[in-house]
Structure formats: C-alpha cells, structure tokens
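Counting from 1, the numbers follow the sequence of the chain as shown. What you are looking at is a predicted structure, and each value in this text was computed from that prediction instead of being measured.
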Amino acid sequence: MLRVAATITTAAMLLAAPALLLAAPAWAQSVPTPKPRPTAAAPAAKTAVKSAANVNDMTASIIKQKNIPREALVVRAQAPNPSSNPFAGLLGKTPTSTAQLTPEQRSIIDRINGYLSNTPRLTGRFVQVGPDGRRAEGEFYLSKPGRVRFEYDDPSPIELIADGDSVVIRDRKLATQDVYPLSQTPLRFLLANRVDLMRDANLTAVYADDTFITAVVEEKNGVVGTSRLMIMFDAKDMQLKQWTVTDPQGYDTTVAVYNLDTTKTPDPSLFKVDYTRYR
C-alpha cells in the first residue's frame with residue numbers, strides 16, 4: 001500500500017514524473033498550495049531584473065555595432081518556477097456533477113480534451129518539486145498511446161518509463177525497479193489517444209483566467225485512498241504548463257514543463273523496459 005502511494009506521487013511528476021504525467025495537480029479545496037517564496041528575496045529579485053535589463057541593453061548595442069546577426073545568438077529558456085493557482089479558492093465552488101457544469105466550463109473542458117487528444121508526441125524539459133521542497137530537473141519524452149520516459153539530471157538516479165502497459169520506476173543507485181499498471185496511475189489521462197475528462201474521470205474543478213486554464217481530477221481507490229491531479233495550461237495557446245499530484249496522504253508533487261516540442265518523434269527504444277533488470 002505504501003509503495004503504491006509513493007508511486008502515484010512520483011508519477012505526478014508527469015506527465016510527472018515528470019511522472020509526466022502521473023498524478024494530479026494540487027490546489028483544490030483542502031489541498032494545500034505550495035508555500036510562497038520568502039518576501040525577503042523580493043529586493044534581490046528586483047535587482048536581478050534591473051541587471052538583466054542592463055545586460056540586454058548592452059547586448060543590443062554590441063549587436064548593432066558589430067553587425068552580429070541575431071540568428072547567431074541562441075538563447076535557452078530558463079527552467080520555470082512552478083506556480084500556485086491564484087484562483088485556487090474558487091475551485092471548491094465548482095459543481096460536483098458534470099451535469100451542473102456551465103456552458104463556459106464545458107467549453108474549457110472541450111479545449112483541454114482537444115489539446116490532450118491532438119498531441120500525439122511531446123518532448124521537453126521538466127522541473128519537479130517534491131513534498132519536501134526538493135527540486136529536480138530533467139528531460140521527458142512522450143509518445144502516444146501509453147508511452148513516456150522521464151530522465152532526471154544527475155545526481156538523481158531515478159528513471160520513470162511507461163511502455164504502454166506498465167509504469168516502471170527505476171533507481172540506478174539502489175538497483176531497484178518497481179512496476180505498476182499504467183491504468184492505475186493518473187498518467188493514463190496524458191497518454192491516452194483520445195481524452196474525455198467528463199466521461200473518463202471524476203472531474204471536480206474547472207476554471208479559467210487570463211493566465212491559466214485549470215482542471216482538477218479526483219481518483220478514489222478503496223485500498224490506498226483518494227488522490228488528486230490538477231493540470232494547468234496556458235490560457236493563450238493551451239500549452240501544457242504544469243500539474244500537481246496530491247497523494248492519499250496529502251503530499252503534493254508539482255511538475256512544470258518547458259521547451260516543449262511537438263514535432264520530434266522520440267526513438268521507440270526509449271520506452272522499452274527490461275523486466276528482468278534488478279531482479
């Protein structure tokens with residue numbers, strides 16, 4: 001029981017684990033939101049912004065003087081800090097029955113279903129923040145149906161692989177490999193060919209604002225308890241931004257994704273699992 005619960009949390013990374021995909025975003029009703037960064041850091045942040053602006057001005061001046069083509073400058077996106085939902089307090093007011101959803105909420109769900117159903121492949125970077133506040137980063141590869149791989153940057157020894165049937169969480173340092181049915185993890189929502197949250201999930205909250213489109217799904221299991229998945233998308237272009245999985249013990253794992261690419265087809269060998277390994 002404890003191992004299954006821990007697996008759901010790890011999967012949250014997901015799309016979570018980034019678990020890419022695994023469990024559920026956090027922030028509904030009694031689910032605690034991540035603690036905000038200390039306010040004492042604010043002055044330093046302002047200084048950093050000002051310094052960055054000065055650097056940008058100097059760079060632009062050098063480019064102009066030296067006639068350097070902008071195409072020659074490659075800028076890599078910085079890893080984002082996972083965001084808490086500023087409208088989390090409203091999520092608990094969402095009707096508990098899909099029959100009670102407003103036309104606006106149904107429209108939001110249709111957009112989410114459309115995005116998830118029409119994204120057969122996805123690659124990018126992820127940032128995972130665990131219940132203890134520890135931060136990990138890495139690369140992920142998604143190929144529908146049912147396949148995803150999360151590779152954590154060193155020094156983390158963890159790999160998470162879904163091969164279409166099972167989810168394997170491998171620890172290279174401990175030489176362990178735990179196997180779980182894909183159908184029993186929240187990852188299935190991200191890895192299905194066709195997604196219909198109103199039909200296939202217990203949808204408990206839907207909301208949209210100028211920044212995020214958010215949906216919360218609740219999973220009830222008679223053995224391990226109830227877990228939640230909160231998925232957040234960019235309100236402008238519907239790109240997946242992050243998800244939070246809340247495990248049955250109430251612990252949150254948040255995964256934010258960036259540098260997304262829907263054009264690359266991942267190598268099928270990335271999703272192969274050797275079930276004899278570490279036995």
Side chain to side chain contact (heavy atoms under 4.5 Å, CB included) filter on T176, not counting sequence neighbours, yields D171, L174
Given the rule in the side chain to side chain contact (heavy atoms under 4.5 Å, CB included) test, do T263 and R121 qualify, once you have shown the distances and angles that lead to the verdict?
-> CA-CA 7 Å; T263 64; R121 64 190 68 87; over 6 Å; no
List for me each residue that meets salt bridge (charged side-chain N to carboxylate O under 4.0 Å, His left out) alongside R172, sequence neighbours excluded, and say none if there are none.
-> E159
Go through the steps to decide whether S166 and L182 satisfy the test side chain to side chain contact (heavy atoms under 4.5 Å, CB included), and finish with yes or no.
-> CA-CA 5 Å; S166 303; L182 174 61; 5.9 Å; no
Should I112 and L197 count as side-chain neighbours, where that means a heavy-atom distance under 4.5 Å?
-> yes
Does one side chain, of T246 or D252, offer a donor that lies under 3.5 Å from an acceptor on the other?
-> yes
Partner set under salt bridge (charged side-chain N to carboxylate O under 4.0 Å, His left out) for R199, not counting sequence neighbours = none
Can you spot which of N193, L190, L122 makes a side chain to side chain contact (heavy atoms under 4.5 Å, CB included) with K144?
-> N193
Could you tell me which residues satisfy side-chain hydrogen bond (donor to acceptor under 3.5 Å, both in side chains) with D132, sequence neighbours excluded, listed by chain and number?
-> R134
Regarding R277 and Q177, is there a side-chain donor-to-acceptor distance under 3.5 Å anywhere?
-> no
OG on S227 to CD on E218, rounded to 0.5 Å | 8.0 Å
Indicate yes or no: at least one non-hydrogen side-chain atom of Q242 is less than 4.5 angstrom from one of V255.
-> no
Any V257 side-chain heavy atom under 4.5 Å of F140 side chain = yes
Close side-chain approach of V179 to Y275, heavy-atom, < 4.5 Å | yes
Which pair of heavy atoms, one from R125 and one from N259, lies closest together, and at what distance?
-> CG-ND2, 4.1 Å
Reported CD1-to-CG distance for the pair I161 and D274, which is rounded to 0.5 angstrom | 10.0 Å
Y152 versus Q128, side-chain donor and acceptor atoms under 3.5 Å = yes
Only counting residues at least two apart or in another chain, list the ones meeting side chain to side chain contact (heavy atoms under 4.5 Å, CB included) with S107.
-> none
By side-chain hydrogen bond (donor to acceptor under 3.5 Å, both in side chains) - contacts of D165 (at least two apart) = none
How about R147 and P268: do any of their side-chain heavy atoms sit closer than 4.5 Å?
-> yes
pair T226-P248: side-chain heavy atoms closer than 4.5 Å = no
At their closest point, which heavy atom of V168 faces which heavy atom of V273, and how far apart are they?
-> CG2-CG1, 3.5 Å
For E104, the side-chain hydrogen bond (donor to acceptor under 3.5 Å, both in side chains) test, sequence neighbours excluded, returns none
Can you name the side chain to side chain contact (heavy atoms under 4.5 Å, CB included) partners of T211, sequence neighbours left out?
-> D209
Donor-acceptor contact below 3.5 Å, side chain R149 vs main chain L270 | yes
Separation between CE of M198 and CG of L101, rounded to the nearest 0.5 Å = 6.5 Å
Could you tell me which non-hydrogen atom of F126 sits nearest to which non-hydrogen atom of Y258, and how far apart they are?
-> N-CE2, 4.1 Å
Quick one: side chain to side chain contact (heavy atoms under 4.5 Å, CB included) partners of K272, sequence neighbours excluded?
-> none
Is there a side-chain contact between M238 and I213, using heavy atoms and a 4.5 Å cut-off?
-> yes
Can you tell me how far the CD atom of Q105 sits from the CD1 atom of I109, to the nearest 0.5 Å?
-> 7.0 Å
For V127 and R135, work out which heavy atoms get closest and say how close.
-> CG1-CZ, 3.5 Å
Is the shortest distance from a Lys or Arg side-chain nitrogen in E219 or R188 to a carboxylate oxygen in the other one below 4.0 Å?
-> yes
Pairing residues for D237 by the side-chain hydrogen bond (donor to acceptor under 3.5 Å, both in side chains) criterion, not counting sequence neighbours = none
What's the spacing between F271 CZ and D163 CG if we round to 0.5 Å?
-> 10.5 Å
Determine the minimum heavy-atom distance between D261 and K264, stating which atoms define it.
-> OD2-CE, 3.3 Å
L191 and its side chain to side chain contact (heavy atoms under 4.5 Å, CB included) partner, picked from L116, V167, L142 | L142
Closest non-hydrogen atoms of F212 and A235, given as atom of the first, atom of the second and distance, are N-CB, 3.9 Å
Donor-acceptor contact present, side-chain Q184 to main-chain P181, <3.5 Å | no
Y115 meets the ring pair (Phe, Tyr, Trp, His ring centres under 6.0 Å) criterion, sequence neighbours left out, with F233
